[in-house]
S.K.: 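Can you read through this structure? Questions will come right after.
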Amino acid sequence: MNKKQKLELTWIGKEKIPKLEPHLLLEDSKKSYLAENRVNEKDIFDNKLIFGDNLLALKSLEQQYAGKVKCVFIDPPYNTGSAFEHYDDSIEHSIWLGLMRDRIELLRKLLSEDGSLWITIDDNEAHYLKVLCDEVFGRRNFVSNAIWQKKYSPQNDAKWLSDNHDHILIYAKNKFIWRPNLLPRTEQMNKRYKNPDNDPRGDWKPGDLSVKTYNVSTDYPITTPSGRVVNPPKGYCWRVSKEKLESMIAENRIWFGPYGKSVPAIKRFLTDVKQGTTSMTIWLYQDVGHNQDAKKEVKPFNDSSVFDTPKPEKLMQRILYMASNEGDLVLDSFAGSGTTGAVAHKMRRKWIMVELGEHCDTHILPRMKKVIDGKDQGGISQSVNWKGGGGFRYYRLAPSLLEKDHRGRLVINDEFNAAMLAESMCKMMGFTYSPSEENYWMHGYSTENDFIYVTTQTLDQAQLEAISEEVGEKRTLLICCSAFSSKAEDYLNLTLKKIPHSVLQKCEWGKDDYSLNVQNLPAAMEEAKVTNLFGEEE
């Protein structure tokens, strides 16, 4: 290999970047669900459940939510070559990498500067996905690869080794500022602390006063209250000087045992220790659950069709506990059975879930309704004292802005009314949709002095002059219209563009499915081959 050759993951079709249309999100009020009454002052109602292709959904969220998502969790198809009931997971390796790359790049844009991405994956693609994420996030922002024990017993019919773990790849948007929350201390940890001498400062446990690093100045004899003289073990010394020890004894911070003759120990009070623990990278099923736990949690919402590999609520609880705080925004663009939303809701996080499959309606909807009604008392409900409350709004992706007419020309979709057209053009041109009640020509803004006006009319010179006069010298206006009968350069404060001509090259129009489903992929790409890190064909 040439030493100067750049090490990177390459695959056929890597250079093909989809030109995504930022679709509108249309609420289906019949499927939105809000609690009848506020249960808690911290109830959150503005959560989003989006039905539709997750790549297009992420693109539709980009303008409003870029830099605002604290935690992204995704459980994508593992590309194992097995046909699951709810999606076809048998996708050519190179195609899978391309589809994942497109999604991860958008997810990174949505993350806040102190946000993090968590991806569950198995051995089949984990190491390729790691390199792919290194390219998108930068290797410096790789945090860890946590191992989750998803099965508690061996699979005796396995041909080779019994697979009982998944990987959880963890990336920070900016590792230099991102820090995970400490995990709460367990009851077992706190049981180690006692109070045999009824110290008013509370429970404590003895700590070793000696240290192996030898220092002659702290190698001295200590006389216990009983009169016994003790020295540090051979090769050791005491942690503190003689003067410091006397001060600690006076403060009742040294323990000589119940009879005052034991080797001295430092009293370490529970109130002084760090109120939390740093997570390790091995997550056992006893602590965060396993696949069978997850299936039991999903079954009450749809017992006729249980997912093959759902994630347990305790696993999601640990991730969200470490990666977010109450009120933070959590996103899952492979929602599956809705575990992320259910746990985020119970933990009082804002959430957005995206799902294309029918289980958006058959699994997620009934599950979230029961969570909101307080009827879901499984999973983590008891541990967080969940009583219900809050709500969500159900959205679907609007159709493409442009469609082909009978002559094959791209024209504005008949399904778009004036408001939809204005909002869509705002997305296309990088403006925030915010129609004014006072000025008909003010549909959105990019800055406090720059606005956009969208109309299907043909504007004549008189109309343009009137608009220009209203806009004034200190403001600017982009006008998107069907046509205009005047020169654009005649108005210093106006920019004129025709629709649909001004957006024809911006997107792949009419494509509404980029899903990870082999039947939706072009035949030519299904034959694609993958090359390894060194550019060699596999």
Side-chain angles (χ1 to χ4, degrees), residues 44 47-50 54-55 57-58 61 65 68-78 100 103-112 114-122 125-126 129-130 132-133 136-137 141-148 150 166-173 178 180-181 183 279 281 283 288-289 291 294 297-298 307 309-356 359-360 363-364 367-368 371 379-380 392 516:
I44 299 173
N47 303 298
K48 286 181 170 65
L49 175 58
I50 303 171
N54 62 5
L55 186 59
L58 292 175
L61 294 169
Y65 290 100
K68 296 181 180 178
V69 178
K70 187 64 178 291
C71 172
V72 171
F73 169 83
I74 57 172
D75 180 24
Y78 284 6
M100 288 302 300
R103 287 155 175 79
I104 292 171
E105 286 184 342
L106 274 172
L107 290 171
R108 184 183 179 279
K109 292 179 181 178
L110 293 171
L111 278 174
S112 61
D114 61 347
S116 57
L117 168 68
W118 305 64
I119 312 176
T120 50
I121 197 73
D122 68 3
E125 294 285 5
L129 183 59
K130 164 67 168 64
L132 175 61
C133 288
V136 177
F137 277 78
N141 289 314
F142 171 68
V143 175
S144 188
N145 174 20
I147 301 300
W148 168 47
K150 64 182 179 182
D166 274 355
H167 302 266
I168 305 176
L169 298 180
I170 307 164
Y171 281 81
K173 177 76 169 284
W178 181 81
N181 292 326
L183 296 175
S279 174
T281 56
W283 295 4
V288 295
N291 281 151
E297 291 168 359
V298 174
F307 271 60
T309 56
K311 300 302 178 282
E313 289 199 8
K314 286 174 67 177
L315 175 66
M316 281 309 311
Q317 182 184 31
R318 171 169 290 194
I319 291 172
L320 296 189
Y321 193 96
M322 293 173 63
S324 65
N325 299 302
E326 285 191 5
D328 285 340
L329 179 58
V330 175
L331 170 65
D332 183 350
S333 55
F334 292 90
S337 62
T339 303
T340 300
V343 173
H345 203 89
K346 295 174 186 179
M347 294 177 69
R348 304 195 183 284
R349 274 69 168 163
K350 299 175 184 177
W351 56 265
I352 299 174
M353 288 193 289
V354 183
E355 182 53 57
L356 176 61
H359 37 286
C360 187
H363 290 71
I364 299 177
R367 182 175 195 169
M368 295 311 304
V371 169
I380 68 166
F392 65 90
L516 286 165

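Since we're looking at a predicted model, the values are computed, not measured.
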S.K.: Where do N47 and I44 come nearest, in terms of heavy atoms and distance?
M.R.: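 The answer is ND2-O, 3.3 Å.
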S.K.: Working to the nearest 0.5 Å, report the span between OG of S324 and CD1 of I319.
M.R.: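 Here the interatomic distance stands at 10.5 Å.
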S.K.: Kindly indicate, with the supporting measurements, whether the criterion side chain to side chain contact (heavy atoms under 4.5 Å, CB included) is fulfilled by K70 and D114.
M.R.: CA-CA 7 Å; K70 187 64 178 291; D114 61 347; 3.5 Å; yes
S.K.: Can you find a heavy atom in the side chain of F73 that is under 4.5 Å from one in the side chain of V330?
M.R.: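 No; the side chains remain at least 4.5 Å from each other.
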S.K.: So, R367 and E355, do they make that salt bridge, N to O below 4.0 Å?
M.R.: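 No, no charged N to carboxylate O under 4.0 Å.
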S.K.: Please name the pair of heavy atoms, one in I380 and one in E313, separated by the smallest distance, quoted to 0.1 Å.
M.R.: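 That closest heavy-atom pairing would be N-OE1, 3.0 Å.
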S.K.: How far apart are the closest heavy atoms of F334 and R103, and which atoms are they?
M.R.: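 Minimum heavy-atom separation between F334 and R103: CZ-CD, 3.7 Å.
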S.K.: Hey, are the side chains of C71 and L331 touching, using non-hydrogen atoms and a 4.5 Å cut-off?
M.R.: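 C71 vs L331: side chains apart.
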S.K.: If you take all heavy atoms of M316 and V343, which pair is closest and at what distance?
M.R.: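 Here M316 and V343 meet closest at CB-CG2, 3.8 Å.
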S.K.: Can you list the residues that meet the side-chain hydrogen bond (donor to acceptor under 3.5 Å, both in side chains) rule with D332, with sequence neighbours excluded?
M.R.: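 So D332 forms a side-chain hydrogen bond (donor to acceptor under 3.5 Å, both in side chains) with T340.
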S.K.: When you check the side-chain N and O atoms of S116 and W118, is any donor under 3.5 Å from an acceptor?
M.R.: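 Judged by distance alone, the side chains do pair up.
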S.K.: Walk me through it: do L315 and W148 pass the test side chain to side chain contact (heavy atoms under 4.5 Å, CB included)?
M.R.: CA-CA 9 Å; L315 175 66; W148 168 47; 3.9 Å; yes
S.K.: For the residue pair L61 and L110, what are the closest heavy atoms and their distance?
M.R.: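 Nearest pair, atom of L61 first, then L110: O-CD2, 3.9 Å.
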S.K.: Kindly give the heavy-atom pair with the smallest separation between A172 and F137, and that separation in Å.
M.R.: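 It is O-CD2, 3.5 Å.
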S.K.: Side chains of F142 and K130, heavy atoms from C-beta outward: is any pair under 4.5 Å?
M.R.: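 Yes - at least one pair of side-chain heavy atoms lies under 4.5 Å apart.
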S.K.: Does the side-chain hydrogen bond (donor to acceptor under 3.5 Å, both in side chains) test come out yes or no for T120 and D166, once each step is laid out?
M.R.: CA-CA 7 Å; T120 50; D166 274 355; 5.7 Å; no
S.K.: Give, for atom CD1 of I74 and atom CD1 of I104, the distance between the pair rounded to the nearest 0.5 Å.
M.R.: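 Output value for this atom pair is 5.5 Å.
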S.K.: Taking the side chain as C-beta and beyond, is there a heavy-atom pair between I364 and H359 under 4.5 Å?
M.R.: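 No - every pair of side-chain heavy atoms lies 4.5 Å or more apart.
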S.K.: Side chain to side chain contact (heavy atoms under 4.5 Å, CB included) for N54 and L356? Distances and angles first, verdict last.
M.R.: CA-CA 7 Å; N54 62 5; L356 176 61; over 6 Å; no
S.K.: Check this for me, if you would: do D328 and R349 make a salt bridge, where the nitrogen-to-carboxylate-oxygen distance has to be below 4.0 angstrom?
M.R.: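 The answer is no: the pair does not qualify as a salt bridge.
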S.K.: At what distance, to the nearest 0.5 angstrom, does SG of C133 lie from CE of M100?
M.R.: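 Here the rounded value is 7.0 Å.
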S.K.: Take N145 and T281, measure what side chain to side chain contact (heavy atoms under 4.5 Å, CB included) needs, and give me the verdict at the end.
M.R.: CA-CA 7 Å; N145 174 20; T281 56; over 6 Å; no
S.K.: When rounded to the nearest 0.5 angstrom, what is the spacing between CG in L320 and CH2 in W351?
M.R.: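 CH2 of W351 is found 13.0 Å from CG of L320.
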S.K.: Using side-chain hydrogen bond (donor to acceptor under 3.5 Å, both in side chains), reason through Y65 and K48 one step at a time and then give a plain yes or no.
M.R.: CA-CA 12 Å; Y65 290 100; K48 286 181 170 65; 2.7 Å; yes
S.K.: Just checking K173: does its NZ atom have more than 12 heavy atoms from other residues, nucleotides or ligands closer to it than 6.0 angstrom?
M.R.: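 Enclosed.
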S.K.: Has D75 got a side-chain atom pairing as donor or acceptor with K311's backbone, closer than 3.5 angstrom?
M.R.: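 Pair absent, no side-chain N/O of D75 close to backbone of K311.
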